[in-house]
Number of protein chains: 2
Amino acid sequence: MTLLEQYLEKKKELNFIDHATSLMYWDLETTAPDGAKEKLSDALTYFSTESFKKSTSDEYYELVTKLSEPEEFEKLDDVMKFDIRKNKKNLDKMRRLPADVYEEFVKTTNKSAIVWPKAKQTNDWSIYKEPLAATIEMVKKVEGYTDPDKDPYDALIDDYEEGMTQETIDKVFGELRQELVPLVNKVVSAPQPDSSRFSFKVPAHVQAEVCKYIVEYMGMDMNRFCQGETEHPFTTNMNIDDVRITNHYKENAFIEALFSAIHEGGHALFEQNVDHKYEGTAGSTINYMGLHESQSRFYENILGRNINFWKPIWPKMCEMIPELKEIGIEEFYREINHVQNSFIRTEADELTYCLHVILRYEIEREIFKGNVTVEELPKVWNDKMQELLHITPGTDAEGVLQDMHWSDGSFGYFPSYLLGSIYDGMFLEAIEKDLGSIDDILAAGDIKKITAWLKENIHQYGATRISSEVLEKVCGQELSAKPLIKYFTDKYTRIYNL
Amino acid sequence: MTLLEQYLEKKKELNFIDHATSLMYWDLETTAPDGAKEKLSDALTYFSTESFKKSTSDEYYELVTKLSEPEEFEKLDDVMKFDIRKNKKNLDKMRRLPADVYEEFVKTTNKSAIVWPKAKQTNDWSIYKEPLAATIEMVKKVEGYTDPDKDPYDALIDDYEEGMTQETIDKVFGELRQELVPLVNKVVSAPQPDSSRFSFKVPAHVQAEVCKYIVEYMGMDMNRFCQGETEHPFTTNMNIDDVRITNHYKENAFIEALFSAIHEGGHALFEQNVDHKYEGTAGSTINYMGLHESQSRFYENILGRNINFWKPIWPKMCEMIPELKEIGIEEFYREINHVQNSFIRTEADELTYCLHVILRYEIEREIFKGNVTVEELPKVWNDKMQELLHITPGTDAEGVLQDMHWSDGSFGYFPSYLLGSIYDGMFLEAIEKDLGSIDDILAAGDIKKITAWLKENIHQYGATRISSEVLEKVCGQELSAKPLIKYFTDKYTRIYNL
């Protein structure tokens, strides 16, 4: 066997193991009965460990290294070139981390991840602060090994959104913060819609049907897609031809399920539209969180919160949810763009959501600069909430304790959410330049033209283009928050008659 | 590591692989979108092959062999003694089969299994007869290697119901045939209920809820159980704590779904009630089809088709399916015991089902005795239908082509279905001796007492007792069809006022 054949053989085995792992995770969350979960978790751990062992084995690394050498590398096609380059980079990084440090990292983060839900439930910051401090120290230590030449927080940001830096984020988040705080102030002072009209009950199976209808309308290939039910919605995939989303159907809050479906549907379209030539290679593993989030948020916010998204399907919506008929599309539109200053990020509207992320980013940055201690976090959090949203959480549970991310060491993840929206402002401009007004396209029921554009310009390339390359190719510009600011200002000035 | 530790280590790995395989099969049938099925099948094949390779490897066989030697064997506890003995027996059998013969067997049966659905669909016996003849020859050849000292058909029967022989089956099926043919004649000539009253629509999600309610009522531990939706209902399990059934919900035939749920629920209770000490060992793999079928049929027929099963839950049934209120429990009871001479085994009632199985058994027996050629099968089939049910199929599709079993070489499987019912007649007597009248127990809403009895006397032992041992321990008697005949005669004389 040639080197490449040996490598592909191992890769194939790894893909089968990863298929089992993803499916077991899906089953754990969607289907397995409670009593089955312990053994299922054991099996999941077994296959995850097998995958880790095999993908970091000396034998595998040697194959990747040999294939990276110029003479062998030149013989590869573009798909395999990308795969080998990316794999080599990751493996080099991982192999710089001593096994005992990795073990210590896992132990430390496990501890804070276990304490976090208890601390949140009992609103008890005191039990969480020490495990959290230990996790922060471990995260710094790990980055010191894996990315010794980088600022640790830059290295973390790069882990979740390759190529991104604090410098860039400071610039775009800064632009946004400056415009957004006064805009939100004006919006929340204006007259608000009556949310109580939307608390009627819609049975779970009806919500599931509506969601299925909507993602199909968006352009999902239903032959390679399915949806399940979980506590928290997520997207997963076994491969390009097997992309799955989940949803949570609260009987008296059907709008939440609709927008979860549209959001996860955006992630799923990205995964589903990757060119098949990348199947089973690094090109099909899109681990750029900002870019991924840009696709989910484009559908959820730019398209889904546009009245024209709903116009062509309104009769169908009213058929499936008869209460909507009397309420009417205008009031529905007002409700799905209802801006409120609130404490919980995951429940925030499109506009204030940005400020929730900026708050977290600014705190993380200061933690890694050594300007904020863990001891001070609750106060810093509350002060920033006052500064950005002019409200103060009544408890730490609805303040600094609300998110899981820090507990498992995922510092640097939060900015991705907002970067996604900032990209979206730019993508919106690019699409309108190519296809004309989004309003018109949506009103004509032609959303699939937009999906085709996203596939053509972004999705098909999978992981082979990082976000800065996508922006360069698609928008011909560097990252800027201006298009997003313009979109927000125009939209909310109109909706709230400012 | 001791020999036992080494063996258990390998066993654990095998169990994880089997978990993946079972879950992938479940996913293929219940959830995966069509476009995902090809890659899922590839992954399933990979893990099945891994399992086969590892469980038949020289290394594994050597461990099993060493542990079978008296000195080591004596050190084992009863759970491991059973495991090693059973594994050794199976491996010895499999290792007698030359690899090339096995490969030929797979190729030959694959061919007939592929041709069969086409032949059935197009009602074309001519394209099927040669692949079927080849499969029969291959099955004989394989049994010649694996069980050289046995009559091939006896060896096949033993594969599906350990310890069973043609001699025993001839006796009990003979007894049954003699009584059943005249009984069915009388029943079908008597006035029949009006089935048309049951063709109203019940939405799938309501049927699913009702089925869930019923299996819980039967005594299922819902914490270790779930149900899915497939074309054909089946039961599967990942382990003792993860038992799953599927169902098919036809909108205008809800009674079918109810009885599928009760039937599969019986299989599931057997799997779920195995003592946890057998977890991960041969004791928890119940591959005695007759004994397994006895449990599903006990719930489906002996309990589920008894009016007293429904009495305590009738108000709840009427609440979930309001149409039942006007129809009433008496008419429902008549409908679920509606006996008709019909062509298709899987759609047959409790009574004529037996004759469908006897027909298949008698034909298989004559095939392996060399008294019937494949060429003659359609005629032999139709003649036997006339003899047993006094009807003649209009086409081979509703005659000799209807079942999948022969196409993949599963000769010897059919008798299990009826053996299960014959055991049930005996179990019914034993339960009534211990607990009193089944009618009274059911009418009092105490079905869980019956489930507890079955767990105590049968289920908990898993695979460690073959059916003849179960009958010996539970009924203190050898196999006899008399109790089943008595049950049938009493019940249908009463229902049909004979």
Side-chain angles (χ1 to χ4, degrees), chain A residues 12-28 30-50 203-206 208-209 212 220-229 237-246 268 272 276 279-280, chain B residues 12-28 30-50 203-206 208-209 212 220-229 237-246 268 272 276 279-280:
Chain A
K12 206 171 160 186
E13 198 186 356
L14 272 171
N15 285 334
F16 285 136
I17 292 172
D18 290 344
H19 193 137
T21 314
S22 301
L23 183 59
M24 284 179 167
Y25 179 72
W26 165 267
D27 188 61
L28 186 72
T30 61
T31 311
D34 280 346
K37 287 184 178 173
E38 196 182 317
K39 281 180 201 132
L40 179 55
S41 298
D42 288 348
L44 189 49
T45 304
Y46 169 78
F47 284 109
S48 310
T49 310
E50 280 296 293
H205 73 273
V206 173
E209 274 311 301
K212 204 172 143 188
M220 195 75 68
D221 178 353
M222 302 306 274
N223 192 43
R224 303 185 290 129
F225 168 86
C226 67
Q227 57 182 23
E229 218 175 318
N237 65 319
M238 317 293 138
N239 48 63
I240 297 171
D241 293 324
D242 191 348
V243 180
R244 305 176 181 204
I245 69 171
T246 71
Q272 198 175 70
H276 275 89
E279 184 67 270
Chain B
K12 205 171 161 187
E13 198 187 356
L14 272 171
N15 284 335
F16 285 136
I17 293 172
D18 290 344
H19 193 137
T21 313
S22 299
L23 183 59
M24 285 179 166
Y25 178 72
W26 166 266
D27 188 61
L28 187 73
T30 61
T31 312
D34 280 346
K37 288 184 177 174
E38 196 181 318
K39 280 181 201 131
L40 179 55
S41 299
D42 289 347
L44 189 50
T45 304
Y46 169 77
F47 285 109
S48 310
T49 310
E50 280 296 293
H205 73 273
V206 173
E209 275 310 303
K212 205 171 144 188
M220 196 75 69
D221 179 353
M222 302 307 274
N223 193 43
R224 303 185 290 130
F225 167 87
C226 67
Q227 57 181 23
E229 218 175 317
N237 65 320
M238 317 292 139
N239 49 61
I240 296 170
D241 293 324
D242 192 347
V243 179
R244 306 177 179 202
I245 68 170
T246 71
Q272 199 176 67
H276 275 89
E279 184 68 88

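What's counted below: heavy atoms across the whole structure, side chains too, no hydrogens, waters or symmetry copies. Proteins come first, then strands; the chains are lettered A, B, ... in the order of their sequence lines, and each starts at number 1. This structure is a prediction, so every number in the text was calculated from the model and none was measured.
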Identify which part of [X] has an atom lying under 4.5 Å from any heavy atom of chain A, answering side chain, backbone, both or neither.
{"X": "N239(B)", "result": "side chain"}
{"X": "D221(B)", "result": "neither"}
{"X": "T31(B)", "result": "both"}
{"X": "H205(B)", "result": "side chain"}
{"X": "E279(B)", "result": "side chain"}

Winner by heavy-atom pair count (cut-off under 4.5 Å) against chain B, out of [options]:
{"options": "E38(A), E50(A), H19(A)", "value": "H19(A)"}
{"options": "I17(A), L23(A), T21(A)", "value": "L23(A)"}
{"options": "D34(A), N15(A), L44(A)", "value": "D34(A)"}
{"options": "L40(A), V243(A), I240(A)", "value": "L40(A)"}

Does K37(B) have more than 12 heavy atoms from other residues, nucleotides or ligands lying within 6.0 Å of its NZ?
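Yes, enclosed.
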
Determine the sole option in N223(A), D242(A), D241(A) for which the side chain to side chain contact (heavy atoms under 4.5 Å, CB included) test with P33(B) is passed.
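Going through the options one by one, the only one that passes is D242(A).
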
Selection from K12(B), K39(B), E13(B), R224(B) maximising heavy-atom pairs under 4.5 Å formed with chain A
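Looking at each option in turn, the highest pair count goes to K39(B).
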
Which heavy-atom pair separates F16(B) from M24(A) by the least distance, and what is that distance?
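Minimum heavy-atom contact is O-CE, 4.5 Å.
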
